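What follows is a short report on a single structure.
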Amino acid sequence: MASALEDDEIDNDDYYSLLNVRREATQDELKAAYRRLCMIYHPDKHRDPDLKLQAEQLFNLVHQAYEVLSDPQARAIYDIYGKRGLDVEGWEVVERKRTPVEIREEYERLHKEREERRLQQRTNPKGLISVGIDATDLFDRYDEDYEDVVSGSYPQVEINKMHISQSIEAPLTTTDTAILSGSLSTQNGTGGGNINLALRRVTSAKGWGELEFGAGDTHGPLLGMKLFRNLTPRCFATAQCGLQFSSRGVRPGATTVLARHLDKNTMGYLQWRWGTQSSMNTSIVRDTKTSHFTFALQLGIPHCFVMTSYQYKFQDEDQTKIKGSIKSGFFGTMVEYGAERKISRHSVLGATVSVGVPHGVSLKIKLNRASQTYFFPIHLTDQLLPSAVFYATVGPLVFYLAIQRLVIRPYLHSQKEQDLEKQRESSATDIARKRQEAESSVSSLQPSNYRPFWLPACRRSLIILNAWYGKFVTDNSKKHERAKVIDVTVPLQCLVKDSKLILTEATKSGLPGFYDACVGEEKCLKVLYQFRGVMHQVLSGDTEPLRIPKQSHRIDNDT
């Protein structure tokens, strides 16, 4: 069964959807749904041998679904493992005499063992590549009168610094982790590197400790320790101390942070740092679904400052964010503004403009790709020049829009099509089986073949005139795309009971007579029905619950 747990394939036979009941359905609800479907699909209702065979297959499928969901033990296994858990291997793992609670506890144990195996294979690599660019010659060139300055016809753009760092995690046990990291830095032709090894142990659910060892030609050997502890459910603290060995002697240092939840979305921090750059810092961070706000105040040597920043989060698919901040202290004043946006499934691109005194104007571009970060700080001028601010703001925006239209969108569209094609190929056999079952269901329910059921339905006050399920093209810009829908009028009419049609919150592809005609694409159910002689129409999402009739569905109410 362990191998079955590691298989990520999802069962396509949804027994709850087949019976059109909630996942929390009671035994009475299951029995009522089962009896109704038995009346529809019972083989004795048909005289034609072919229709009788088709109805028998569908009847057996409904009976199988009811047998599983009406048995508490079998239902518990199905809810956890899916249909695979009902095979012989699934029953060998869990004894039939166990209760649903015990079955779930057994699953948690197996799940924990699987996570431990995955833990041994995980390294969680993280990296940063930073390339500093000096582009001041674009806006503030030397005069040609200086004979000792070599000047050409083109501005000179130089790379004046670079930093590369990488870290990996090696889980030793479920509580112990080794972290290996290293970095290389260079600036104006000089630089160095260092390597660090940290051993972290989770001591309890409330805290962990870490020992760090480092060596390098930049600062010398390092020995440090870090502790984390949850003091209360709303408060935690971290303490870090270290010894830096160098040619000038041993330099001790310590940092303590105390944090507390002020409310559901707000955190308060107090930080004290002692060492070569001692300081005290307090900050308040408020993070909500639509915004992120930070206020910080620091008193220390050599820098004292006050800083506030705000970030607004748009609720769109690309997770667009715009942000701005102002920071003022002994070093001067700096204003920053920028934006970031998700450009692919694993990539986020951001740009920030920094304007300050005496720092001048800079443009910072950052690309996050999975766990790797690429950072490009571009220094434009040492002075506050309006032209530099303008080009730093407009230039990245125009460049992004051009790349988005010419490169990113075509690439994402191509990737989506490839993924859909792979998904269709992998599920082609199962979809063909589901389609055959759906067609058999519709054939056995046609009025000419099944008058005992159909004629009473026609006399009801709720009549399904037309129903389609699949992908609809409603956007005028996508008229070239072809709709992919199937006619589900007959099977939907069969689900009407007491002049009502109720569909649960589950994918409709599992309903009797339905199948997925467009794997991986967004699907809807469109129904045109008559109630008490009045025409109604509704368009429902694939997983949305549906209840008809409703006054809001009247066609004469549409404007």
Side-chain angles (χ1 to χ4, degrees), residues 14-42 45 55 58-59 61-63 65-66 69-70 437-438 441-447 449-470 472 485-516 523-558:
D14 188 345
Y15 288 158
Y16 291 98
S17 181
L18 177 64
L19 299 180
N20 191 28
V21 294
R22 303 174 296 116
R23 298 193 72 86
E24 302 82 14
T26 63
Q27 290 293 333
D28 291 338
E29 292 174 338
L30 290 171
K31 187 178 295 184
Y34 171 64
R35 286 179 176 176
R36 174 166 175 76
L37 292 176
C38 283
M39 291 178 59
I40 298 174
Y41 294 115
H42 201 286
K45 300 285 185 179
L58 295 169
F59 181 83
L61 186 61
V62 171
H63 181 70
Y66 176 71
L69 299 185
S70 60
E437 292 177 357
S441 175
V442 173
S443 299
S444 62
L445 296 176
Q446 290 294 342
N449 300 324
Y450 199 14
R451 292 184 179 274
F453 174 80
W454 185 261
L455 290 178
C458 291
R459 292 194 294 266
R460 295 172 182 171
S461 55
L462 174 61
I463 303 176
I464 307 298
L465 300 177
N466 285 297
W468 302 271
Y469 173 68
F472 295 87
V485 297
I486 59 174
D487 189 342
V488 292
T489 306
V490 175
L492 207 61
Q493 178 68 67
C494 296
L495 297 177
V496 174
K497 181 180 181 182
D498 299 329
S499 293
K500 294 180 182 178
L501 175 63
I502 301 175
L503 301 182
T504 59
E505 189 174 353
T507 176
K508 298 174 177 59
S509 61
L511 292 170
F514 286 62
Y515 69 94
D516 193 346
K523 292 172 283 293
C524 296
L525 174 64
K526 187 175 182 179
V527 184
L528 177 66
Y529 65 94
Q530 180 178 314
F531 179 66
R532 294 179 180 175
V534 180
M535 301 293 291
H536 295 68
Q537 183 172 284
V538 62
L539 184 66
S540 174
D542 185 30
T543 58
E544 295 178 2
L546 178 63
R547 185 184 182 94
I548 59 177
K550 276 191 176 182
Q551 184 76 15
S552 58
H553 298 166
R554 288 172 61 108
I555 294 180
D556 55 6
N557 284 349
D558 295 342

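Nothing here was measured: the structure is a model prediction, and the numbers come from that model.
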Any side-chain heavy atom of [X] sitting closer than 4.5 Å to one from [Y]?
X: Ser70; Y: Lys31; value: no
X: Arg22; Y: Tyr16; value: no
X: Met535; Y: Leu528; value: yes
X: Val490; Y: Gln493; value: no
X: Lys526; Y: Val538; value: no
X: His63; Y: Cys38; value: no
X: Ile464; Y: Ile548; value: yes
X: Tyr529; Y: Leu462; value: yes

Which heavy-atom pair separates [X] from [Y] by the least distance, and what is that distance?
X: Pro545; Y: Ser540; result: O-OG, 4.3 Å
X: Leu18; Y: Ala65; result: CD2-CB, 3.9 Å
X: Ala467; Y: Leu492; result: CB-CD2, 3.7 Å

Any sub-3.5 Å donor-acceptor pair from Asn466's side-chain atoms to Val527's backbone N or O? no

Do side-chain atoms of Lys508 reach the backbone of Asp542 as a donor and acceptor pair under 3.5 angstrom? yes

Checking Leu30 against Val21 for the side chain to side chain contact (heavy atoms under 4.5 Å, CB included) test, could you report, in this order, the C-alpha distance in whole Å, the side-chain angles of both residues, the deciding distance, and whether it holds? CA-CA 7 Å; Leu30 290 171; Val21 294; 3.8 Å; yes

Atom pair [atom1] ([X]) and [atom2] ([Y]), whose distance is rounded to the nearest 0.5 Å:
X: Leu37; Y: Arg35; atom1: CG; atom2: CZ; value: 13.0 Å
X: Leu539; Y: His553; atom1: CG; atom2: NE2; value: 10.0 Å
X: Leu525; Y: Tyr469; atom1: CG; atom2: OH; value: 8.0 Å

What residues form a salt bridge (charged side-chain N to carboxylate O under 4.0 Å, His left out) with Arg547, not counting sequence neighbours? none

Leu511 and side chain to side chain contact (heavy atoms under 4.5 Å, CB included): which partner among Thr504, Val488, Leu503? Leu503

Take Cys524 and Trp468 through the side chain to side chain contact (heavy atoms under 4.5 Å, CB included) test and state the conclusion after the steps. CA-CA 8 Å; Cys524 296; Trp468 302 271; over 6 Å; no

In terms of relative ring orientation, are Tyr34 and Tyr66 parallel, tilted or perpendicular, with 30° and 60° separating the classes? parallel

Fit a plane to each ring of His536 and Phe531, take the angle between them on a 0 to 90° scale, and name the class: parallel (under 30°), tilted (30 to 60°) or perpendicular (over 60°). perpendicular

Just checking, is any N or O donor in the side chain of Asp487 or Thr489 under 3.5 Å from an acceptor N or O on the other one? yes

Which residues pass the ring pair (Phe, Tyr, Trp, His ring centres under 6.0 Å) test with Phe59, sequence neighbours left out? His42

